[in-house]
Amino acid sequence: MFFDEEFDVIVIGAGHAGSEAASASARLGAETALVTINLDLIGQMSCNPAIGGIAKGHIVREIDALGGIMGRVIDRTGIQFRLLNRSRGPAVQSPRAQADRALYRTEMRRVLETTPNLHLRQGTVVRLIVENKTVIGVEMEDTRRFGAKSIIVAAGTFLNGKIHTGRRNYSAGRAGEPASIDLAENLKELGFPVGRLKTGTPPRLDSRTIDWDSFEEQKPDEEPVAFSFSTEKIEQPQINCYIGYTNDTVHNSIRENINQSPLYSGAIKGVGPRYCPSIEDKVVKFADKNRHQLFLEPEGHDTNEVYLNGFSTSLPSTLQQDLLRMIKGFEEVRIVRPGYAIEYDFIDPRELQPTMETTRIKGLFLAGQINGTTGYEEAACQGLMAGVNAAFHVKHRNPVILQRDEGYIGVLVDDLIQHGVDEPYRIFTSRAEARLTLRHDNADQRLTPKGNEIGLIKDSDWERFNKKRDRIARLRNTLDNIRYKRSDVEYATVSQILGTDLGDSITLSQISQRQGINNDLIFKLLPQNIKNEISLKELNTALADSLYSGYIKKQNVADNRVNKHDRLKVPQSFKFNKISGLSHEMVERIERAKPQNFGQIRKISGITPVALSTVLVHLTASKN
């Protein structure tokens with residue numbers, strides 16, 4: 001067959017999944033084409049202009065540790081960095097950064113354009129060319145044909161995308177861009193099982209029409225926590241975001257006009273994200289709440305647009321403005337871009353192998369929202385894994401698969417291919433059995449050796465990593481071997497702080513695990529030669545390892561106990577909704593599945609390890 005151009009790998013779509021996939025594939029030596037409808041919108045943040053968040057920040061750190069690019073790009077373009085859950089344990093702390101939307105897109109394109117072996121092509125793919133159940137190329141709307149040995153589809157919300165605003169709906173991949181209809185139909189013709197999902201976005205506001213004094217200021221961290229382990233300092237100026245709230249007047253007006261919402265009129269058939277509901281959903285499903293929190297997030301230094309996080313909606317645009325003007329501080333507000341909901345096709349991810357290659361067609365890989373996920377970070381990590389394995393497929397190298405205990409990326413991929421999705425999938429720390437060891441601060445210790453083995457870690461980054469690893473090893477040895485006796489000044493100081501006797505002697509590591517001791521004090525107690533060579537971040541990593549060591553041993557025992565009870569039967573009279581501590585979501589998922597035994601419960605999509613342990617305790621008690 002004649003092709004206008006031939007490549008090793010073709011990536012369809014240049015969002016977060018496609019960008020990461022194309023970068024990885026090309027840097028591994030595969031001649032790669034990144035094909036997208038509009039090259040000016042590479043790395044576009046279609047919804048929230050932010051990267052990271054709970055568990056999502058962990059994933060971005062893992063992408064960086066493996067040699068991906070998302071962390072570096074957000075570090076260069078982030079305008080408000082915050083470490084979430086600072087008051088909680090290290091395992092659930094997670095970085096987040098508000099991005100300058102336009103700058104992020106520009107920087108992502110710059111990174112891709114300067115990547116060797118990567119070729120950007122603009123156009124719309126209408127058909128995959130398949131022979132003998134093997135993909136060999138793509139056909140473009142403009143009649144060009146590109147050949148390839150591996151193809152990655154990372155189409156985002158473009159597959160049969162339909163936008164809803166009030167009673168109006170129209171075909172689109174996102175606002176202002178056409179949907180990919182022909183490719184969506186082609187995937188169906190190839191036999192892939194297709195479903196519909198839905199997501200949404202809030203209105204963007206004109207900052208000049210907002211009374212900022214009416215909202216609570218949210219400052220960035222004084223010392224930003226970067227995403228990339230190679231970033232030494234965040235250089236660009238930071239901004240403030242703001243917090244506001246809806247009120248009863250807004251809620252009552254939404255209830256009065258709920259028939260204008262396509263979510264409640266029946267116009268939208270796709271299932272939306274549980275953890276990012278529209279304002280209509282919040283008002284209806286949480287009728288006892290008299291207000292809902294809003295975040296006012298400026299979209300960049302050189303724009304007046306403000307993203308209204310927390311007010312996702314598909315209500316008519318005129319009604320959106322009326323509702324906003326009922327909120328103090330928005331009395332004169334103007335909407336720059338109305339919010340909308342979008343429905344799109346996805347393919348059942350149980351069609352995938354752990355490599356992200358489809359089981360149905362050889363050489364075809366899928367990444368991102370096409371697999372039923374939601375979120376830039378979830379998409380990017382799939383793109384990275386698909387890009388690596390697509391390149392390795394061409395080069396006949398063994399594939400790369402991450403296990404659940406190696407990273408959140410492994411958890412996400414395993415969840416998708418084992419359980420599928422019945423709603424847009426979002427990563428949470430509770431989805432990981434080994435979450436105490438899968439911290440954001442130790443992602444490089446866990447995954448950079450694998451990234452180096454793959455071939456994505458530069459020599460300079462590998463050298464930096466090894467030096468850091470050696471420093472942490474010396475630090476751990478110091479913490480375990482420095483011991484204070486009653487006669488030591490340090491012993492008396494710590495004993496006085498804690499207000500308790502410490503025994504005949506105590507190590508620095510044991511002191512660090514006592515409540516009331518902060519890491520700054522441990523740093524001061526270290527020998528000067530150690531203090532001279534380590535950073536406080538490295539100390540935090542070593543101390544977190546020590547803090548969780550006992551819990552991890554107990555967790556391993558608990559995991560073994562859980563896995564041994566698969567044949568434990570569920571009595572017909574058993575009521576899951578009576579279990580204290582089991583969330584409404586977990587009850588809903590379990591009851592819908594109608595499990596006959598504990599093993600079936602373990603295989604239900606979305607059931608968290610904590611929920612499994614809770615259910616096991618009550619099932620065991622009911623048996624006795």
Side-chain angles (χ1 to χ4, degrees), residues 1-14 17-18 20-36 117-119 121 123-155 158-159 180-194 345-372 382-401 413 416-417 420 454:
M1 179 176 289
F2 171 79
F3 291 108
D4 295 274
E5 291 186 88
E6 294 193 47
F7 305 93
D8 293 322
V9 177
I10 292 175
V11 180
I12 303 171
E20 207 71 60
S23 170
S25 171
R27 285 186 293 132
L28 290 173
E31 291 296 328
T32 303
L34 178 58
V35 183
T36 184
N117 308 315
L118 182 53
H119 313 275
R121 297 290 183 268
T124 301
V125 175
V126 295
R127 185 171 71 91
L128 301 176
I129 303 172
V130 177
E131 289 185 357
N132 300 320
K133 296 187 177 180
T134 300
V135 70
I136 62 170
V138 301
E139 184 177 322
M140 308 294 291
E141 188 176 50
D142 57 20
T143 72
R144 286 178 297 171
R145 288 182 174 182
F146 299 148
K149 300 165 187 172
S150 292
I151 292 177
I152 303 169
V153 181
F158 280 70
L159 294 177
S180 182
I181 297 174
D182 291 331
L183 180 58
E185 293 308 310
N186 178 232
L187 289 168
K188 291 179 184 177
E189 290 169 1
L190 291 172
F192 287 102
V194 174
D345 285 354
F346 80 101
I347 290 175
D348 188 337
R350 288 173 292 188
E351 288 281 317
L352 298 175
Q353 301 176 49
T355 59
M356 311 307 292
E357 184 179 14
T358 66
T359 57
R360 192 174 296 267
I361 296 178
K362 188 176 181 181
L364 179 63
F365 297 75
L366 309 179
Q369 283 176 286
I370 191 173
N371 292 331
Q382 294 175 68
L384 175 63
M385 300 310 294
V388 169
N389 285 314
F392 282 9
H393 175 79
V394 171
K395 295 178 176 295
H396 306 290
R397 288 181 59 180
N398 292 330
V400 176
I401 299 170
V413 173
L416 292 178
I417 65 174
I454 291 169

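Side-chain atoms are counted along with the backbone in the values below, which use heavy atoms only and exclude waters and symmetry mates.
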Could you check I10 against R121 for side chain to side chain contact (heavy atoms under 4.5 Å, CB included), going step by step and ending with a plain yes or no?
-> CA-CA 10 Å; I10 292 175; R121 297 290 183 268; over 6 Å; no
Measuring from K149:NZ to E6:CD, what's the distance to the nearest 0.5 Å?
-> 8.5 Å
For L183 and L159, run side chain to side chain contact (heavy atoms under 4.5 Å, CB included): C-alpha distance rounded to whole Å, both residues' side-chain angles, the deciding distance at 0.1 Å, then the answer.
-> CA-CA 7 Å; L183 180 58; L159 294 177; 4.2 Å; yes
Can you tell me how far CG of L364 sits from OG1 of T359, rounded to the nearest 0.5 angstrom?
-> 10.0 Å
When rounded to the nearest 0.5 Å, the distance separating CD1 of I417 from CE of M356 is 8.0 Å
Kindly indicate whether the side chain of Q382, heavy atoms from C-beta on, has any atom under 4.5 Å from the side chain of L416.
-> yes
Value for CG (N389) from OG (S25), rounded to nearest 0.5 Å, stands at 10.5 Å
For N371 and L366, indicate whether the former's side chain and the latter's backbone hold a donor-acceptor pair under 3.5 Å.
-> yes
Just grab all the salt bridge (charged side-chain N to carboxylate O under 4.0 Å, His left out) pairs involving residues 350-369, residues at least two apart or on different chains.
-> D348-R350, E351-R360
Set of residues satisfying ring-ring contact (aromatic ring centres under 6.0 Å, His included) with respect to H119, sequence neighbours excluded | F7
Donor-acceptor pairs under 3.5 Å, side chain of residues 128-140 to any protein atom, not counting sequence neighbours: which ones?
residue	atom	partner	partner atom	Å
T134	OG1	N132	O	3.4
E139	OE1	R127	NE	3.2
E139	OE1	R127	NH2	2.9

Less than 4.5 Å apart, any side-chain heavy atom of V125 and any of F146?
-> no
Spell out, as yes or no, whether a donor-acceptor pair under 3.5 Å connects the side chain of D345 to the backbone of A184.
-> no
Assess whether side chain to side chain contact (heavy atoms under 4.5 Å, CB included) is satisfied between F192 and I370, documenting all intermediate values.
-> CA-CA 11 Å; F192 287 102; I370 191 173; over 6 Å; no
Applied to residues 386-397, the salt bridge (charged side-chain N to carboxylate O under 4.0 Å, His left out) test, sequence neighbours excluded, yields none
Taking only residues two or more places apart in sequence, or in another chain, which ones meet A390 in a side chain to side chain contact (heavy atoms under 4.5 Å, CB included)?
-> V9, S150, I152, F365
If every non-hydrogen atom of G18 is compared with every non-hydrogen atom of L34, which pair is closest and at what distance?
-> O-CD1, 3.9 Å
Would you please name every residue forming a side chain to side chain contact (heavy atoms under 4.5 Å, CB included) with A26, sequence neighbours left out?
-> T32, T115, N117, L118
Does a salt bridge link D4 with R145, judged by any charged N lying under 4.0 Å from a carboxylate O?
-> no
Between V194, T358, L352, V153, which is the residue that forms a side chain to side chain contact (heavy atoms under 4.5 Å, CB included) with I347?
-> V194
Quick one: pull up OG1 in T124 and CZ in F158 and give me the separation to the nearest 0.5 Å.
-> 9.0 Å
Looking only at heavy atoms, the pair that brings I361 and L190 closest together is CD1-CD1, 3.7 Å
